[in-house]
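The basis for the numbers below is simple: all heavy atoms, side chains too, and nothing from hydrogens, waters or symmetry mates. Numbered from 1 within each chain, the chains take letters A, B, ... in sequence-line order.
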Amino acid sequence: MSQLIQPRTLKGFRDYLPEAMMPRERLIETARRVYRSYGFAPIDTPTLEYLEILTGKGSDETDKQLYKFEDQGGRQVGMRFDLTVPLARFSAMHVPQLGTPFKRYHIATVWRGEAPQAGRYREFMQCDFDTIGTTSAVSDIETTLVIHDLLRAIGFSAFTIRINNRLLLTGMLEKLDLSDKSTLVLRALDKLGKIGPDKTIAEMTEVAGATETQAKEIVSLAHVSEQEGGDSEKVLSRVAPLVAGSEKGEAGVEKLRELVAAVSAAGVSNEFVQLDVAIARGLDYYTGVIYETFLNDLPGIGSVCSGGRYDNLAGLYTKQELPGVGASLGLDRLLAAMEELGLIEKVGTPADVFLPFFDKERLHDYLRIAAELRAAGLGVEFYPEPKKLDKQLKYADKRGFRFALIIGGNEFAEGKAQLKDLAQRESLELRLEEECAAIVMAVQERR
RNA sequence: GUGGCUGUAGCUCAGUUGGUUAGAGCGCCAGAUUGUGGUUCUGGAAGUCGGGGGUUCGAAUCCCCUCAGCCACCCCA
């Protein structure tokens, strides 16, 4: 008697059942389609990288969250924890041959050993797109448009792309003489929406080392967006005086104004785009526009698509300066949100048509009919056992099939077929000789 | 990594101050109905009470450890 091994998955790692995997694949296909429609090309990189590639930035958090080990050849290796660092390494190696601007998308799994929570896992998928090698405002604009198109294509009609520009924040910090504390101050600022002004000020003074006056000044600047309800023009006209005199701050205002106007001219309703001076993003490397995208019906889950512009992507790996801009769709977080919002249709089959194994003398006919339908572009599942029809239909129902194609002895004798619409509970009678075309048409017009 | 809450059948949960063979609904399987799925009726299978250790005559129940989930902190590349 051998002891059974308890089947289980690691903390933060999950199995995906068919009904979870199908919407997941659909989402990936949508992202792929939208990226490609702007000319972004697919790339992939290895799961494992030399540890020094991944730890180049050397922050403690990286170390804590990184999955790392020694391989069989004694090399120190790590699993990628995002797609940006691999892109940086990739760019240092290949962009000279590829030329710029280089537009790529990368849809792949990443790993972080952080504490899992709803919508946060240790293994999850990111769908990044970036434009490397240009500082053009056009790329900032296109990035915004891609985020918009992506969420629309997925089916959302209520979301907000929050936009800010690091130059604006940098200018403000310069004016307040806080440039040396920028990381901690911005990290505190980023929490404003979540913890409120008082705690934000407290963190800025206690953790980041700002004075109370400085902290209040920053928070009041950040508050502008909230007060103006995201009206871009009003926000900019309120903010401009606060950064006047700072070269970077003024440039930030100007860039935001240009971006908002262009995005609107490209046909994006301004209900989807909001200037928000409070978003900062913790990442040190952003230097220009920054994006966060929230679902209006579920803001608490956090940003589902974030990104921004950076001056020097691959500075750790090459002397060539590679500016760029891009964003990342958090696929698993988005799926968790859709699940919670009831937007995920539970279907257990990818096929269109269920073909019961009805008359066991007719196996060859069933196989031929299924083959013809597949050749015509339909997915067909043939039941493997000649069980009772009600069992087979029950199975089809449970799996979520839309159609059943019933052909038994009577149908064969009369040269007919019965196409049953399982959702509508109604049957269509078709002539067997021309079944293929008729079935395809009937299925397609009802799909 | 730190703290709080939770873990009983495939799912959602009940289980009295520790007391005998741990229950329900849904689902599943079979039959009523050997050619028609969401209803109904009948019958059936299914539980190491997350795992390990301890206290006790006796533990799903109390204690410790551990694993997992959720929440908060932390951080979100």
What string of B, S and - do you get for nucleotides 66-71 of chain B 5' to 3' if you count protein non-hydrogen atoms under 4.0 Å? -SSSSB
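- In this structure, A:Ala404 reaches neither bases nor backbone, as no heavy-atom distance under 4.0 Å exists between it and the strands shown.
- Rounded to the nearest Å, the gap between the C1' atom of B:U21 and that of B:G47 is 14 Å.
- For the side chain to side chain donor-acceptor pair (under 3.5 Å) with A:Arg104, the lone residue among A:Asp130, A:Asp44, A:Thr131 that qualifies is A:Asp130.
- For A:Gln392 against B:U36, no side-chain N or O and base N or O form a donor-acceptor pair under 3.5 Å.
- The separation between A:Lys394 atom NZ and B:C29 atom P is 7 Å, rounded to whole Å.
- Between A:Phe159 and A:His148, the two ring planes are tilted [angle within 30° to 60°].
- To the nearest whole angstrom, the two P atoms, one in B:A22 and one in B:A59, are 13 Å apart.
- Aromatic ring orientation, A:Phe401 versus A:Tyr395: tilted (interplanar angle from 30° to 60°).
- A distance of 6.0 Å or more separates the ring centres of A:Tyr383 and A:Phe357.
- Base contact: A:Gly409 has a heavy atom under 4.0 Å from a base atom.
- Scanning both residues, A:Ile28 and A:Met125, for their nearest heavy atoms gives CD1-SD, 3.6 Å.
- Nucleotide B:U36 holds its C1' atom 15 Å from the CG atom of A:Asp359, rounded to whole Å.
- When all heavy atoms of A:Val325 and A:Ser139 are compared, the closest pair comes out as CG1-CB, 3.5 Å.
- Across the P atoms, B:C73 and B:G15 are found 32 Å apart, a figure rounded to whole Å.
- Counting heavy-atom neighbours within 6.0 Å of A:Lys68 NZ, excluding the residue itself, gives a total above 12.
- Between B:A32 and B:G23, the distance separating the two P atoms is 30 Å to the nearest Å.
- If you find the closest nucleotide of RNA chain B to A:Arg112 and to A:Asp397, the one lying nearer the 5' end belongs to A:Asp397.
- Side-chain atoms of A:Asn410 lie closest to B:G35 of the nucleotides B:C75, B:G35, B:C73.
- Taking atom P in both B:C28 and B:C11, one finds a spacing of 14 Å when rounded to whole Å.
- Atom NZ in A:Lys391 sits about 13 Å away from atom P in B:U33, given to the nearest Å.
- Nucleic acid contact for A:Lys191: sugar-phosphate only, since backbone atoms but no base atoms lie under 4.0 Å from a heavy atom of the residue.
- Distance, A:Asp82 CG to B:C75 P: 18 Å, rounded to whole Å.
- At a threshold of 4.0 angstrom between heavy atoms, the contacts of A:Arg333 include nucleobase atoms, whether or not backbone atoms are also involved.
- Counting only residues at least two apart or in different chains, salt bridge (charged side-chain N to carboxylate O under 4.0 Å, His left out) contacts with residues 110-124 of chain A comprise A:Glu114-A:Arg120.
- Separating the P atom of B:C26 from that of B:C62 is a span of 30 Å, rounded to the nearest Å.
- Using a 4.0 Å heavy-atom distance criterion, A:Glu411 is classed as a base contact.
- Remark: the A:Thr211 side chain and the A:Gln214 side chain contain an N/O donor-acceptor pair separated by less than 3.5 Å.
- Note on A:Lys388: every side-chain N or O is 4.0 Å or more away from OP1 and OP2 of B:G37.
- For A:Ala115, the side-chain atoms get nearest to B:C73 when compared with the rest of B:U36, B:C76, B:C73.
- We find that CZ of A:Arg187 is positioned 4 Å from P of B:C76, with the value rounded to whole Å.
- Aromatic ring centres of A:Tyr366 and A:Phe412 lie closer together than 6.0 Å.
- If you measure from atom NZ of A:Lys398 to atom P of B:G37, you get 17 Å, rounded to the nearest angstrom.
- Residue A:Leu419 contributes atom CG, which lies 14 Å from atom C1' of B:U36 at whole-angstrom precision.
- Between the C1' atoms of B:C49 and B:A60, the separation comes to 5 Å (whole Å).
- With hydrogens and angles ignored, a donor-acceptor pair closer than 3.5 Å exists between the side chain of A:Lys420 and the base of B:U36.
- Between B:C13 and B:U8, the two P atoms lie 9 Å apart (nearest whole Å).
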So what is the 5' to 3' dot-bracket string for RNA chain B, if pairs are Watson-Crick or G-U wobble with both distances under 3.5 Å, crossing pairs use [ ] and | means the partner sits on another strand? (((((((..((((.....[...)))).(((((.......))))).....(((((..]....))))))))))))....
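- One finds the CD atom of A:Glu49 at 11.0 Å from the OG1 atom of A:Thr55 (value rounded to the nearest 0.5 Å).
- For A:Lys387, whose side chain is taken as the heavy atoms from C-beta onward, the closest listed nucleotide among B:C75, B:A30, B:U36 is B:A30.
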How far apart are the C-alpha atoms of A:Glu372 and A:Arg368, what are their side-chain angles, what is the distance that settles it, and do they pass the salt bridge (Lys or Arg N to Asp or Glu O under 4.0 Å) test? CA-CA 6 Å; A:Glu372 282 172 19; A:Arg368 177 182 49 79; 3.4 Å; yes
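- Counting to the nearest Å, the P atom of B:A72 and the CD atom of A:Glu114 are 13 Å from each other.
- Among the atoms of the strands shown, base atoms are found under 4.0 Å from some heavy atom of A:Phe358.
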